[in-house]
Visitor: 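Got a structure for you, questions after.
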2 protein chains.
Amino acid sequence: MDHPTAVLLFDVLASGVRLDAFRLLVRKEPEGMVAGDIAAVLDVPPTNLSFHLKALTQARLLTVEQEGRFQRYRANIPLMLDLIAYLTEECCSGRPEQCAK
Amino acid sequence: MDHPTAVLLFDVLASGVRLDAFRLLVRKEPEGMVAGDIAAVLDVPPTNLSFHLKALTQARLLTVEQEGRFQRYRANIPLMLDLIAYLTEECCSGRPEQCAK
DNA sequence: TTGATTGTACAACAACTATTGAAATAATGG
DNA sequence: CCATTATTTCAATAGTTGTTGTACAATCAA
């Protein structure tokens with residue numbers, strides 16, 4: 001993962017609504033959830049949730065698939081694992097013993 | 001780590017300057033660096049760097065110590081490890097096998 | 001086709017964030 | 001002391017982000 005991508009991912013995760021949505025979808029893997037259900041669970045107006053889901057999707061943290069008139073969202077777990085790997089790398093560089101605990 | 005804290009940390013890391021500053025200081029552990037040197041390496045005006053170092057410090061990602069008329073900054077690596085643990089937890093919840101790779 | 005439902009796009013606005021130069025603060029050295 | 005150096009604070013500005021309501025496109029059910 002390159003640094004601009006990491007910055008983008010942090011930016012997208014730096015919102016209570018978006019972080020909650022992502023966490024919710026991780027727990028709902030692999031079925032995912034449709035937008036309306038996410039809005040209901042998180043108690044966020046649909047228009048606002050759509051705004052945040054779009055940001056997450058553009059950052060590739062979510063995938064979206066049309067299902068009739070529903071939009072089904074799923075968490076992109078491999079990308080999150082890449083981000084974790086990036087952070088671990090940054091954190092240890094020059095000091096590998098720091099991450100051994 | 002609780003969620004508001006994670007959101008705050010993502011927010012602080014969601015800036016090219018701040019992420020670069022943090023990465024630089026991780027590589028400079030355990031000596032750290034003084035503000036002027038960080039500004040020189042990153043090629044950022046001191047006034048702007050000060051703004052970003054303050055944000056990082058308030059989020060506890062950096063520590064600062066006065067050293068004569070210099071301010072020496074160091075990376076708070078344990079906090080980053082906590083953040084990595086939080087992300088790993090979120091990523092695996094409900095799907096432990098996802099993180100086993 | 002009609003009418004209801006799902007979700008997004010758009011526009012408007014308030015609130016927040018980043019950047020900069022100038023001034024202020026604080027510590028050092030002569 | 002006074003000048004110098006290091007860093008922060010402040011004020012101004014530009015740009016970005018989040019929230020909401022309204023409108024719209026797509027789908028489905030009858």
Visitor: Using a cut-off of less than 4.0 Å, is there contact between a side-chain N or O of B:Y73 and OP1 or OP2 of D:dT8?
Guide: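 So the side-chain polar atoms of B:Y73 do come within 4.0 Å of the phosphate oxygens OP1 or OP2 of D:dT8, strictly under.
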Visitor: Write down the distance between NZ (A:K54) and P (D:dT17), rounded to a whole number of angstrom.
Guide: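 One finds 12 Å between P of D:dT17 and NZ of A:K54, rounded.
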Visitor: Could you tell me how far apart A:Q71 (CD) and D:dT27 (C1') are, to the nearest whole angstrom?
Guide: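 Between C1' of D:dT27 and CD of A:Q71: 11 Å.
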Visitor: Does B:H52 put a side-chain nitrogen or oxygen below 4.0 Å from OP1 or OP2 of C:dT17?
Guide: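 False: B:H52 side-chain N/O out of range (4.0 Å or more) of C:dT17 OP1/OP2.
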Visitor: Could you give the CG-to-P distance, from A:L56 to D:dG18, as a whole number of Å?
Guide: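 It is 10 Å, rounded to the nearest whole Å.
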Visitor: Write down the distance between CG (A:L53) and C1' (D:dG18), rounded to a whole number of angstrom.
Guide: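 It is 14 Å, rounded to the nearest whole Å.
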Visitor: Scan residues 9-21 of chain B for pairs that pass salt bridge (Lys or Arg N to Asp or Glu O under 4.0 Å), counting only residues two or more places apart or in two chains.
Guide: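 Applying salt bridge (Lys or Arg N to Asp or Glu O under 4.0 Å) to every pair that reaches into residues 9-21 of chain B, excluding sequence neighbours, yields B:D20-B:R23.
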Visitor: I'd like to know whether B:L56 forms a side chain to side chain contact (heavy atoms under 4.5 Å, CB included) with B:N76, so could you lay out the CA-CA distance, the side-chain angles of the two residues, the decisive distance to 0.1 Å, and finally the verdict.
Guide: CA-CA 10 Å; B:L56 284 159; B:N76 181 358; over 6 Å; no
Visitor: Out of D:dT9, C:dT17, D:dT8, which has the shortest distance to the side chain of B:D11?
Guide: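 My answer, after comparing the listed nucleotides, is C:dT17.
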Visitor: Identify all pairs in which a protein N or O lies below 3.5 Å from an N or O of nucleotides 20-22 of chain C, and state each distance.
Guide:
from   : atom 1 : to    : atom 2 : distance (Å)
C:dG21 : O6     : B:T47 : OG1    : 2.6

Visitor: As an exercise, state the distance from CG of B:L62 to CZ of B:R74, rounded to the nearest 0.5 Å.
Guide: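 The CZ atom of B:R74 is 11.5 Å from CG of B:L62, to the nearest 0.5 Å.
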Visitor: On a heavy-atom basis, which atom in A:R60 and which in A:L79 lie closest, and how many Å separate them?
Guide: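 Shortest heavy-atom contact: O-CD2, 3.4 Å.
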Visitor: Provide, to the nearest angstrom, the distance between the CD atom belonging to B:E67 and the C1' atom belonging to C:dT28.
Guide: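 Rounding to the nearest Å, CD of B:E67 and C1' of C:dT28 are 14 Å apart.
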Visitor: Could you tell me how far apart A:E65 (CD) and C:dT6 (P) are, to the nearest whole angstrom?
Guide: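 To the nearest whole Å, that distance equals 19 Å.
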Visitor: Starting from the C-alpha separation in whole Å, work towards a yes-or-no answer on side chain to side chain contact (heavy atoms under 4.5 Å, CB included) for A:T63 and A:Y73.
Guide: CA-CA 6 Å; A:T63 61; A:Y73 287 89; over 6 Å; no
Visitor: What is the distance, rounded to the nearest whole Å, between atom CZ of A:R18 and atom P of D:dT17?
Guide: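 Checked: the CZ to P distance equals 9 Å.
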Visitor: Between B:E67 and B:R69, is there a donor-acceptor pair closer than 3.5 Å when you use the side chain of the first and the backbone of the second?
Guide: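 Pair absent, no side-chain N/O of B:E67 close to backbone of B:R69.
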Visitor: Which one, D:dA6, C:dT8, C:dG7, comes nearest to the side chain of A:F70?
Guide: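 So the side chain of A:F70 is nearest to C:dG7.
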Visitor: To the side chain of B:R69, which of D:dT17, D:dT8, D:dA6 is closest?
Guide: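 Looking only at side-chain atoms, B:R69 lies closest to D:dA6.
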Visitor: Looking across every strand, which nucleic acid part, if any, lies under 4.0 Å from A:R72 by heavy atom: base, sugar-phosphate, or nothing?
Guide: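 No contact.
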Visitor: Let me know the distance between CD of A:Q58 and C1' of D:dT17, rounded to the nearest Å.
Guide: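 These atoms are roughly 13 Å apart.
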Visitor: Taking the minimum atom-to-atom distance to the side chain of B:Q66, which one of C:dA27, C:dT17, C:dG7 wins?
Guide: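 Output: C:dA27.
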Visitor: Determine the minimum heavy-atom distance between A:E31 and A:R72, stating which atoms define it.
Guide: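 So the minimum-distance heavy-atom pair works out to O-NH1, 3.0 Å.
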